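Below: one structure, written as structure tokens.
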Protein chains: 2
Amino acid sequence: MARNRITIQDVANRANVSKSAVSLAYNDSKKLSEATLQNILRAAEELGYSQDPAARMLRTQRTDSLGLLLPQQLDKVLENPYYTQFLQGIGQTCQQEGLTLLLVPPLRGSMLKAIPYAAVDGFIVSGLEYDRGEVTALRQRGIPFVLVDSEWHEGVPSVELDETEGMRELVDYLLRQGHRRIAFIAIETDTAGGYQNWRGPVQRRMQGATESLAQYGLSPESDSITIVETPCTRLGGVTAFRTLWAQDERPTAMVAFSDIIAFGILDAAREAGVDVPSQLSVSGFDDLSEASWTMPSLTTIRQPIATKGRLAAEYLVEAITASSPPDTTHQQRLSTALLLRGSTGAAPALGPT
Amino acid sequence: MARNRITIQDVANRANVSKSAVSLAYNDSKKLSEATLQNILRAAEELGYSQDPAARMLRTQRTDSLGLLLPQQLDKVLENPYYTQFLQGIGQTCQQEGLTLLLVPPLRGSMLKAIPYAAVDGFIVSGLEYDRGEVTALRQRGIPFVLVDSEWHEGVPSVELDETEGMRELVDYLLRQGHRRIAFIAIETDTAGGYQNWRGPVQRRMQGATESLAQYGLSPESDSITIVETPCTRLGGVTAFRTLWAQDERPTAMVAFSDIIAFGILDAAREAGVDVPSQLSVSGFDDLSEASWTMPSLTTIRQPIATKGRLAAEYLVEAITASSPPDTTHQQRLSTALLLRGSTGAAPALGPT
DNA sequence: CTGAAAGCGCTTACAG
DNA sequence: CTGAAAGCGCTTACAG
């Protein structure tokens with residue numbers, strides 16, 4: 001298993017041709033006579049020659065692979081089925097274009113540090129909630145990139161979601177159902193200073209909620225409204241439920257910013273003997289497939305996860321292929337849809353409206 | 001977004017130092033005086049310099065990434081939650097070692113073609129049921145690799161599973177429960193000529209079944225035993241159920257070679273109004289987390305999926321780091337466990353034994 | 001149809 | 001502590 005030391009030169013020598021001819025045999029064999037080609041291939045075979053991808057990349061300035069820059073460790077990220085679907089979408093494009101996909105988790109805890117080392121033609125940046133220099137580093141890297149589920153940046157390509165609108169619809173519905181004590185369970189980011197300092201998806205989701213609350217004379221600051229942050233995992237949902245249920249004023253509705261969190265809330269509610277939705281309404285965000293099987297099934301805001309991945313990758317491919325920078329920044333916006341299912345209903349004290 | 005043309009030479013010029021000094025600044029900054037270092041970093045910053053990963057790889061003969069060679073398109077592969085868990089396991093090791101993970105699906109339909117192009121330090125090869133030259137190509141590539149869920153090869157490192165044993169236990173149990181009309185629903189490979197020509201995991205699983213059947217004077221050739229092949233998807237399970245249920249002699253037990261297939265069988269059985277397990281026993285293989293939530297919960301053979309990924313990656317890292325080829329071929333064998341749950345029971349005609 | 005030459009951008013001994 | 005030189009292995013014009 002020792003490193004292969006056979007180079008194109010060795011093959012050329014053995015076949016009595018130039019290095020160029022050997023290169024042609026692999027990259028543009030039509031330009032060679034059949035005899036020469038066979039001769040070269042035989043020599044390569046006998047020697048056990050294999051091209052060096054790094055040398056090829058350096059020379060061609062092409063890696064034929066896309067990078068997915070991730071906000072967390074690989075195993076953490078994959079705990080959320082969200083990423084499986086997202087990867088599927090990216091995978092469709094990669095397949096079509098014959099590209100490989102490099103998964104790039106933070107290096108020594110930092111997304112920033114991972115950026116210079118990845119041999120890719122472009123990056124899909126996922127979950128960059130809060131820019132700490134990553135965008136600058138990406139620009140400096142000099143290859144195209146697309147932001148997904150990230151803070152919005154002027155002039156930076158991205159795939160966006162109509163999440164504000166989706167959240168507004170959901171909260172509208174809950175308010176109409178008589179809910180006033182509402183808890184928002186947001187995805188934990190390491191922003192300090194509470195929800196006013198949020199950015200990216202959580203900010204936009206809270207924004208929708210805020211707009212909706214305002215119509216009923218409420219705000220995130222109101223006594224009846226609670227905001228908590230929790231890790232984006234099932235366990236995060238369990239924890240959040242327990243915290244909230246231990247309060248004096250229990251909420252009648254819990255609005256989770258992610259399905260996986262909502263699943264955890266459902267688990268913890270069942271364990272605590274709390275009936276959903278008669279005692280507590282619970283909603284999620286994403287519409288993972290599991291959301292329709294839970295007991296009760298989960299009210300949620302659907303987003304086209306795989307499509308998001310596919311579009312991000314398609315844009316990247318476009319930008320990589322383009323000879324010059326596109327004159328117009330690509331900022332796609334995808335719509336969401338409110339799905340009312342079994343986990344939400346009228347607020348306990350009021351009965352159905 | 002034009003390609004970055006600033007090289008280490010430009011930075012060196014601007015900082016009035018040699019290229020070596022600039023390289024040192026990034027790779028071994030202790031060897032530089034504080035003043036020089038700052039000087040270089042400032043110049044790099046001003047110029048917007050970014051290292052070229054390909055050049056670095058070529059020079060160092062290191063990519064710091066692992067390749068996962070996949071048997072199918074990325075989006076197909078990720079349809080099976082099996083791979084999510086497997087990736088998590090690999091991810092743990094990558095994280096620990098500061099490695100990235102390159103997903104390498106077949107190139108133009110061929111695993112073989114993808115092998116020479118991936119810039120990786122080693123390959124984890126998944127689901128190479130039937131070798132068509134891949135092993136030779138991998139050897140030729142001159143970098144370490146580990147086979148997982150693949151045909152066994154003399155002298156080739158692999159992570160194996162005690163699947164024969166697991167299957168034997170399962171079929172024993174079914175036979176004791178009075179089942180005689182048993183259908184085996186295998187994962188489709190493109191081997192011609194029926195089960196005798198199978199290799200790799202399906203062969204080993206069928207082997208266990210065969211051994212067990214023999215004790216009751218049965219064999220895969222017996223009239224009461226059916227073998228079908230189906231794609232390893234939920235839909236594959238649905239199709240298999242329908243085919244089998246349309247036969248004159250319906251089986252009383254369906255033994256799927258994968259949980260995801262078993263889920264499809266359960267779906268189709270419910271749809272057909274067939275009660276599991278009173279009319280039909282169904283079993284899977286894998287123990288995906290969903291297996292304990294299905295209705296009824298699924299009897300299956302547990303395998304340590306994430307562990308398999310982690311070990312494969314660990315071995316690879318070892319082999320990459322080792323100065324010389326390991327004197328002993330690494331062929332790990334992991335055990336399986338039969339989990340009896342709600343989807344299996346006594347054969348209909350006989351009642352409980 | 002084939003070959004000689006240049007160069008992709010970096011790191012690593014080596015010399016000072 | 002710093003610099004000049006060599007070379008990693010390939011592809012791409014260019015000339016013939």
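First the proteins, then the strands, lettered A, B, ... as listed; each starts at 1. All values derive from a computational prediction rather than experimental measurement.
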What class does the angle between the rings of B:Phe86 and B:Tyr82 fall in, given that below 30° is parallel, 30 to 60° is tilted and above 60° is perpendicular?
parallel

Length of the OH-P vector between B:Tyr117 and D:dG9, whole Å:
18 Å

Pairing donors with acceptors under 3.5 angstrom, does anything connect the side chains of B:Gln38 and B:Glu34?
yes

Contact state string [nucleotides 2-7 of chain C, B base, S sugar-phosphate only, - no protein heavy atom under 4.0 Å]
BBBBBB

What is the distance, rounded to the nearest whole Å, between atom CD of B:Gln9 and atom P of C:dC10?
10 Å

Taking atom types as modelled, find out whether B:Ser126 and B:Tyr83 have a side-chain donor-acceptor pair closer than 3.5 angstrom.
yes

B:Ile8 atom CD1 is separated from D:dC8 atom C1', nearest whole Å, by 14 Å

Would you kindly give the CG-to-C1' distance between A:Leu58 and D:dT11, to the nearest whole Å?
10 Å

Output the rounded distance in Å from CG (B:Asp28) to P (D:dC1).
11 Å

So what does B:Gln51 hit on the nucleic acid, given a heavy-atom distance under 4.0 Å: a base, only sugar-phosphate, or nothing?
sugar-phosphate

Examine D:dT12: is either OP1 or OP2 under 4.0 Å from a nitrogen or oxygen in the side chain of A:Tyr26? Give yes or no.
no

Is a side-chain N or O of B:Glu151 found less than 3.5 angstrom from the main chain of B:Leu128, in a donor-acceptor match?
no

Just checking, any donor-acceptor pair under 3.5 angstrom between side chains of B:Glu160 and B:Ser158?
yes

Is it true that, when you exclude B:Lys113 itself, more than 12 heavy atoms of the residues, nucleotides or ligands shown sit nearer than 6.0 Å to its NZ?
yes

Nearest heavy-atom pair of B:Ala54 and A:Met57: which atoms, and what distance?
CB-CB, 3.7 Å

Phosphate contact (C:dG9 OP1 or OP2) by A:Gln61 side-chain N/O below 4.0 Å
yes

Position toward the 5' end of DNA chain C (nearest nucleotide), B:Thr60 or A:Lys30:
A:Lys30

Between C1' of C:dT12 and CZ of B:Arg56, the distance in whole Å:
13 Å

The side-chain hydrogen bond (donor to acceptor under 3.5 Å, both in side chains) partners of B:Asp10 (sequence neighbours excluded) come to none

Which range-with-range stems can be found for DNA chain C when each stem has 3 or more Watson-Crick or G-U pairs in a row and both distances sit under 3.5 Å?
C:1-3 with D:14-16, C:5-12 with D:5-12, C:14-16 with D:1-3

Find the distance A:Arg62:CZ to C:dG9:P and express it as a whole number of Å.
16 Å

salt_bridge(B:Asp149, B:Lys308) N-O dist < 4.0 Å:
yes

